[in-house]
Amino acid sequence: MSGEREILSWPDFGRATRELAEQVHEDGYEPDLILSIARGGLLVGAALGYALDVKNTWTMNVEFYTGVDERLEEPLLLPPVPDLALLRANSLLVVDDVADTGRTLALASEFCAQHVSEVRTAVLYEKPHSVVRSDYVWRRTDRWIDFPWSAPERVSASTTTS
């Protein structure tokens with residue numbers, strides 16, 4: 001990984017999700033459902049849901065990253081695990097902010113493939129060493145990415161003022 005960082009601003013996020021939605025649309029793919037991987041994929045999934053007019057959106061919680069370039073041995077599905085058998089979807093778009101190792105996206109996609117006819121993936125960023133080649137990618141990079149929702153300092157008791 002390069003020492004430099006990729007910086008995504010809020011205006012860039014708007015352009016990125018619009019361009020990602022255009023890729024999906026131009027490909028002729030019409031997902032019945034968008035599944036966002038929490039937490040990074042939540043905003044991406046919501047933006048794609050609006051742009052593609054997909055109202056059936058769900059969330060899957062996966063824990064993998066514990067810090068900058070620090071992760072657990074394996075990604076873990078966290079409860080509540082969606083019961084995809086109840087969704088009655090034929091085509092599903094799994095969305096995340098980045099496919100770094102790709103293992104989170106692989107876990108979610110494989111889980112979903114057991115329940116729907118077609119699963120495709122969309123990410124803002126994909127890294128060259130990802131084990132998943134996403135169907136839709138806004139940018140490819142080998143840098144660490146600072147997203148506008150994760151870059152600011154955390155709010156805590158010590159940072160709040162009265």
Side-chain angles (χ1 to χ4, degrees), residues 1-54 57-78 82 89 91-114 116-153:
M1 180 171 70
S2 152
E4 294 182 33
R5 291 178 178 236
E6 182 91 21
I7 309 292
L8 183 72
S9 67
W10 283 112
D12 290 339
F13 171 73
R15 281 188 295 281
T17 53
R18 184 68 186 189
E19 290 173 15
L20 204 54
E22 288 170 353
Q23 285 181 38
V24 175
H25 176 73
E26 289 169 5
D27 194 35
Y29 190 59
E30 296 180 8
D32 298 320
L33 182 136
I34 293 176
L35 180 75
S36 302
I37 299 175
R39 293 177 305 182
L42 291 173
L43 295 168
V44 182
L48 290 178
Y50 276 104
L52 296 170
D53 196 27
V54 176
T57 59
W58 284 57
T59 302
M60 177 180 283
N61 293 301
V62 180
E63 183 177 14
F64 193 32
Y65 280 85
T66 58
V68 174
D69 206 26
E70 296 174 4
R71 60 190 74 81
L72 301 173
E73 271 190 49
E74 296 293 326
L76 302 171
L77 285 179
L78 298 177
S91 56
L92 185 142
L93 186 63
V94 178
V95 177
D96 207 351
D97 54 356
V98 60
D100 189 332
T101 66
R103 292 169 56 199
T104 298
L105 203 56
L107 175 69
S109 297
E110 290 164 9
F111 175 80
C112 294
Q114 299 172 40
V116 297
S117 301
E118 185 174 12
V119 175
R120 295 192 189 180
T121 56
V123 294
L124 293 178
Y125 291 95
E126 185 177 86
K127 300 216 179 162
H129 53 267
S130 173
V131 297
V132 170
R133 292 292 165 243
S134 298
D135 297 289
Y136 309 103
V137 178
W138 180 62
R139 282 206 178 136
R140 289 180 171 80
T141 186
D142 64 347
R143 299 177 181 179
W144 184 262
I145 303 135
D146 284 337
F147 293 99
W149 52 86
S150 63
E153 279 189 41

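Note that these values count all heavy atoms, side chains included, but never hydrogens, waters or copies made by symmetry.
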Is the shortest side-chain heavy-atom distance between [X] and [Y] below 4.5 Å?
X: Leu107; Y: Ser109; value: no
X: Leu124; Y: Thr17; value: yes
X: Arg103; Y: Val131; value: yes
X: Phe147; Y: Val98; value: yes
X: Cys112; Y: Leu35; value: yes
X: Leu52; Y: Val24; value: yes
X: Asp96; Y: Thr104; value: yes

Excluding sequence neighbours, so at least two apart, what forms salt bridge (charged side-chain N to carboxylate O under 4.0 Å, His left out) with [X]?
X: Glu22; result: Arg18
X: Arg39; result: none
X: Glu110; result: none

N/O donor to acceptor pairs below 3.5 angstrom from side-chain atoms of residues 7-16, sequence neighbours left out:
unit_1 : atom_1 : unit_2 : atom_2 : d
Ser9   : OG     : Asp12  : N      : 3.1
Ser9   : OG     : Asp12  : OD2    : 3.1
Asp12  : OD1    : Arg15  : NH2    : 2.3

Side chain to side chain donor-acceptor pair (under 3.5 Å) between Arg120 and Tyr29: does it pass, once the steps are laid out? CA-CA 9 Å; Arg120 295 192 189 180; Tyr29 190 59; 4.8 Å; no
Calculate, to the nearest 0.5 Å, the distance between atoms CD and CD belonging to Glu118 and Glu30 respectively. 11.0 Å
Determine, for Lys127 against Asp142, whether the closest basic-nitrogen to carboxylate-oxygen distance falls under 4.0 angstrom. no
Taking the side chain from Thr121 and the backbone from Val94, do they hold a donor-acceptor pair closer than 3.5 Å? no
Kindly say whether Asp32 contributes a backbone atom to a donor-acceptor pair with the side chain of Ser91 at under 3.5 angstrom? yes
Give me the atom names and distance for the closest heavy-atom approach of [X] to [Y].
X: Pro31; Y: Leu92; answer: CB-C, 4.4 Å
X: Val95; Y: Gly45; answer: CG1-N, 3.7 Å
X: Ser130; Y: Gly102; answer: OG-CA, 3.3 Å
X: Ile37; Y: Ala108; answer: CD1-CB, 3.7 Å

Please enumerate all residues that pass side-chain hydrogen bond (donor to acceptor under 3.5 Å, both in side chains) together with Gln23, with sequence neighbours excluded. none
Test Thr57 against Leu33 for side chain to side chain contact (heavy atoms under 4.5 Å, CB included), laying out the working first. CA-CA 6 Å; Thr57 59; Leu33 182 136; over 6 Å; no
Kindly write out the residues that satisfy side-chain contact (heavy atoms from CB on, under 4.5 Å) with [X], not counting sequence neighbours, or none if the list is empty.
X: Thr141; result: Glu6, Tyr125, Arg143, Ile145
X: Val137; result: Val123, Glu126, Ser134, Arg140
X: Ala38; result: Leu42, Thr59, Asn61

